[in-house]
Enquirer: 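This is the structure, below, for whatever I ask next.
Side chains included, hydrogens not; waters and symmetry mates left out as well; all remaining heavy atoms used. In this chain, numbering begins with 1 at the start of the sequence shown.
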Amino acid sequence: MRLKQSIEEYLKNSTLHGARFIVDKDANWLERIFWGICLVASWYASWLLIKASLAAFENNAISFVVESSYRDWDTNFPAIIVCESKNMDRIQEVAEQLWGADHDFTLEEVLSEIAFFRGESYHTVHECGGEDSTATCFYSNFSYYAQLVRSSCVDSIRSCEWNNKPFECCKYFQRMETELGICYAINSMQAGKNNGPKLNMYSNRYTGPGSLKMELLTEATVFILGTEEVPTLVTPKTDFLVVGPYISFVRYVSKRDIENDEAIRETSVHQRNCRFPDENILDVHRYYSYSACTVQCRKDRQIELCNCSSHLSPNSPDWQLCNMDGLECLNRNYEDLSVIIAKWSRRRGRKGLVCDCLPSCTEVDITTVHDSKDNIYGHQSPVSRIEVGLLELPTERYKRNLVRGKLDLVVSIGGTTGLFVGASLLSFVEIIYYATIRPYTTYVNEKRRQQRLNLLRTVH
């Protein structure tokens, strides 16, 4: 009975348009049906628009535009990452230290596979796996032997120039752990510990397009990536150079950045469908990027299949790294671990990794414009010369803008409820008031009134 009275009292005094006509004693049944239909239709239309606003806020809050106001831009140079890919002289030297001058030369192939592991280890499994393994094989601590073989920065890079100005190579090329082993990177967020010196590698209309030159003393792969990206086993061939001795390599690229509006940070990862580098959820690298995410994905899959990860997995504790049994397992599952495929490909029976990785919010588009290589004549030492530069300063860049923020959502919902039902925030507070506080105060006042009446009766 009290609930019915509270509802009638609320509808009589409510600020919601049309509600009082439903309980108006002077209204006939036709008027009440009319206003009931109007209220239901208004609330339903309001709900549909609110639902559409929520969906637009969740799924279409971001827009991309192309900016061309390039005169005042400072363009950061790509990260240049040098990863040694082969060094037979060093392998022979380490093999002689380990097994003497009269060692089995097949062990050099084993050492090469361990040091420059790319997912397959045919010679290692054939020579050191099973019951007929060679007595001098090693069966664990592979990362130690890989480090013995890999060259230091000083033995890998020399004669560096930025815009034709020499600089000390290994002061700015910092050590970087990757799934390809130890590399050396300049202008990369992932290299070093962020406490080393940084070379200013920005280009603008005053400096002109930037250019980096260097000489390499070993066979290597030179990656040209965004500053947050890392080399992987599946890096596209367009993003690296395979360099060898006595050859001069020249590559000019164009670069298109992505700029983010400041309000983009207020949105969720789901809304913008990307992650900023500092929104890291990975173990293998300090900053998030799509390529770093695929490295984590491969490591997780290796642990799932083989209960260990590759001995070259970056920033991994020793207890997670594979011994010989684990290496044999990785070799058996090479096809499942070496290729990244879409989910629908997996359903069709194709082998490969399915990685749920979002792109970085700051990733860049780097396109090769010019490639050339020439022989180096008259040079005594087996070096290669590398030049990587911007062909021209960029004239366009993408910008990610926020078109539907939290304030826009509040305004949209408030405008919809105000238009259709005449409601405000206080209108919904009234519901709570009449459902809880009002019945209580009515009960208390009624009780006090009854006590006063009883007191008056006693006095008289």
Enquirer: Measuring only between side-chain heavy atoms, which start at C-beta, is F249 closer than 4.5 Å to V222?
Expert: no

Enquirer: Can you check disulfide bond (SG atoms under 2.5 Å apart) on C83 and C183, steps first, answer last?
Expert: CA-CA 4 Å; C83 298; C183 301; 1.9 Å; yes

Enquirer: So, for Y287 and L282, which heavy atoms are closest and what is the spacing to 0.1 Å?
Expert: O-CD1, 4.5 Å

Enquirer: Can you tell which of T362, T267, N260 makes a side-chain hydrogen bond (donor to acceptor under 3.5 Å, both in side chains) with R400?
Expert: N260

Enquirer: State, yes or no, whether a side-chain contact exists between I340 and R298 at a heavy-atom distance under 4.5 Å.
Expert: yes

Enquirer: Checking F77 now: which residues fulfil ring pair (Phe, Tyr, Trp, His ring centres under 6.0 Å) with it, not counting sequence neighbours?
Expert: W162

Enquirer: Quick one: pull up CD in Q302 and CD in Q320 and give me the separation to the nearest 0.5 Å.
Expert: 10.5 Å

Enquirer: Taking side chain as C-beta onward, heavy atoms only, is I281 less than 4.5 Å from R275?
Expert: yes

Enquirer: Of all heavy-atom pairs between P197 and Q174, which one has the smallest distance, and what is that distance?
Expert: O-NE2, 3.3 Å

Enquirer: Please check if the side chain of Q296 supplies one atom and the backbone of V284 the other of a donor-acceptor pair under 3.5 Å.
Expert: yes

Enquirer: Less than 4.5 Å apart, side chain to side chain, heavy atoms only: is that true for C322 and H311?
Expert: no

Enquirer: Check this for me: does any side-chain nitrogen of one of D261 and R272 sit under 4.0 Å from a carboxylate oxygen of the other?
Expert: no

Enquirer: Tell me whether K343 contacts the main-chain N or O of D356 through its side chain, where contact means a donor paired with an acceptor under 3.5 Å.
Expert: no

Enquirer: Set out, in order, the CA-CA distance, both residues' side-chain angles and the distance that settles side-chain contact (heavy atoms from CB on, under 4.5 Å) for I114 and V149, then state yes or no.
Expert: CA-CA 9 Å; I114 295 296; V149 172; over 6 Å; no

Enquirer: For V250, does its backbone N or O pair with a side-chain atom of R385 as donor and acceptor, under 3.5 Å?
Expert: no

Enquirer: Hey, what do you get for CE (M324) to OG1 (T124), rounding to the nearest 0.5 Å?
Expert: 6.0 Å

Enquirer: Using a strict cut-off of less than 4.0 Å between a Lys/Arg side-chain nitrogen and an Asp/Glu carboxylate oxygen, indicate whether K406 and E266 qualify as a salt bridge.
Expert: no

Enquirer: State the OG-CG distance between S143 and L312, to the nearest 0.5 angstrom.
Expert: 8.0 Å

Enquirer: Measure from the side-chain N and O atoms of E228 to the backbone N and O of S289, and report whether any donor-acceptor pair falls under 3.5 Å.
Expert: no

Enquirer: Is there a donor-acceptor pair under 3.5 Å between the side chain of T235 and the backbone N or O of P231?
Expert: no

Enquirer: My understanding is that only residues two or more places apart in sequence, or in another chain, count here; which of them pass side-chain hydrogen bond (donor to acceptor under 3.5 Å, both in side chains) with S42?
Expert: none

Enquirer: Name the orientation class of the two ring planes belonging to H126 and Y122 (parallel below 30°, tilted from 30 to 60°, perpendicular beyond 60°).
Expert: parallel

Enquirer: Can you confirm whether more than 12 heavy atoms, excluding those of Y246, are under 6.0 Å from its OH atom?
Expert: yes

Enquirer: State, with a plain yes or no, whether a side-chain heavy atom of N187 is found less than 4.5 Å away from one of T227.
Expert: yes

Enquirer: Is it true that, when you exclude K373 itself, more than 12 heavy atoms of the residues, nucleotides or ligands shown sit nearer than 6.0 Å to its NZ?
Expert: no

Enquirer: Step through the shown structure and confirm whether more than 12 heavy atoms of other residues, nucleotides or ligands are within 6.0 Å of CG on D278.
Expert: yes

Enquirer: Any chance you could lay out the side-chain contact (heavy atoms from CB on, under 4.5 Å) test for Y288 and E279, step after step, and finish with the verdict?
Expert: CA-CA 7 Å; Y288 182 86; E279 295 176 329; 5.7 Å; no

Enquirer: Among side-chain atoms of K255 and T75, is any donor-acceptor pair under 3.5 angstrom?
Expert: no

Enquirer: Could you measure the distance from the CD1 atom of I62 to the CG atom of N273? Nearest 0.5 Å is fine.
Expert: 10.0 Å

Enquirer: Is there a donor-acceptor pair closer than 3.5 Å between any side-chain N or O of E335 and the backbone N or O of K351?
Expert: no

Enquirer: Inspect the surroundings of OH in Y44 and state if more than 12 heavy atoms from other residues, nucleotides or ligands are less than 6.0 Å away.
Expert: no

Enquirer: Under the disulfide bond (SG atoms under 2.5 Å apart) rule, what do C308 and C329 come out as? Steps first, then yes or no, please.
Expert: CA-CA 9 Å; C308 64; C329 178; over 6 Å; no

Enquirer: Does any non-hydrogen side-chain atom of D257 lie less than 4.5 Å from one of W73?
Expert: no

Enquirer: May I ask you to check whether the SG atoms of C274 and C361 are separated by less than 2.5 Å?
Expert: yes

Enquirer: Would you say the side-chain atoms of S151 and N87 include a donor-acceptor pair closer than 3.5 Å?
Expert: yes

Enquirer: Which atom names give the shortest non-hydrogen contact between L216 and A220, and what distance separates them?
Expert: CD1-CB, 4.1 Å

Enquirer: Tell me whether E179 contacts the main-chain N or O of L233 through its side chain, where contact means a donor paired with an acceptor under 3.5 Å.
Expert: yes

Enquirer: Should S384 and I386 be marked as a side-chain contact (heavy atoms from CB on, under 4.5 Å) after you check the CA-CA gap, both sets of side-chain angles, and the distance that decides it?
Expert: CA-CA 7 Å; S384 57; I386 314 297; 4.2 Å; yes

Enquirer: Hey, can you tell me if Y172 and F167 have their rings parallel, tilted or perpendicular (30° and 60° cut-offs)?
Expert: perpendicular

Enquirer: To the closest 0.5 Å, what do you measure between OG1 (T218) and CD (E84)?
Expert: 3.5 Å

Enquirer: To the nearest 0.5 angstrom, please state how far the CD atom of E215 sits from the CD atom of E387.
Expert: 12.5 Å

Enquirer: Considering residues, nucleotides and ligands other than E304, do more than 12 of their heavy atoms fall under 6.0 Å from its CD?
Expert: yes

Enquirer: Is any side-chain heavy atom of I376 closer than 4.5 Å to one of S248?
Expert: yes

Enquirer: Does a side-chain heavy-atom distance below 4.5 Å link M88 with I91?
Expert: yes

Enquirer: Examine distances only and state if a side-chain atom of D239 and a backbone atom of I224 form a donor-acceptor pair shorter than 3.5 Å.
Expert: no

Enquirer: S291 and T294: side-chain donor and acceptor closer than 3.5 Å?
Expert: no

Enquirer: Given the rule in the side-chain contact (heavy atoms from CB on, under 4.5 Å) test, do I186 and L212 qualify, once you have shown the distances and angles that lead to the verdict?
Expert: CA-CA 10 Å; I186 190 170; L212 177 70; 4.1 Å; yes

Enquirer: Please determine whether disulfide bond (SG atoms under 2.5 Å apart) holds for the pair C153 and C169, giving the CA-CA distance in whole Å, both sets of side-chain angles, and the decisive distance to 0.1 Å.
Expert: CA-CA 8 Å; C153 177; C169 294; over 6 Å; no

Enquirer: Can you name the closest pair of heavy atoms from A185 and I81 and give their distance?
Expert: CB-CG1, 3.6 Å

Enquirer: I'd like to know if R251 and D371 make a salt bridge, using a cut-off of under 4.0 Å between side-chain N and carboxylate O.
Expert: yes

Enquirer: Quick one: does N200's side chain have a donor or acceptor within less than 3.5 Å of a partner on Y202's backbone?
Expert: yes

Enquirer: Are any side-chain N or O atoms of N331 and backbone N or O atoms of S121, one a donor and one an acceptor, separated by less than 3.5 Å?
Expert: yes

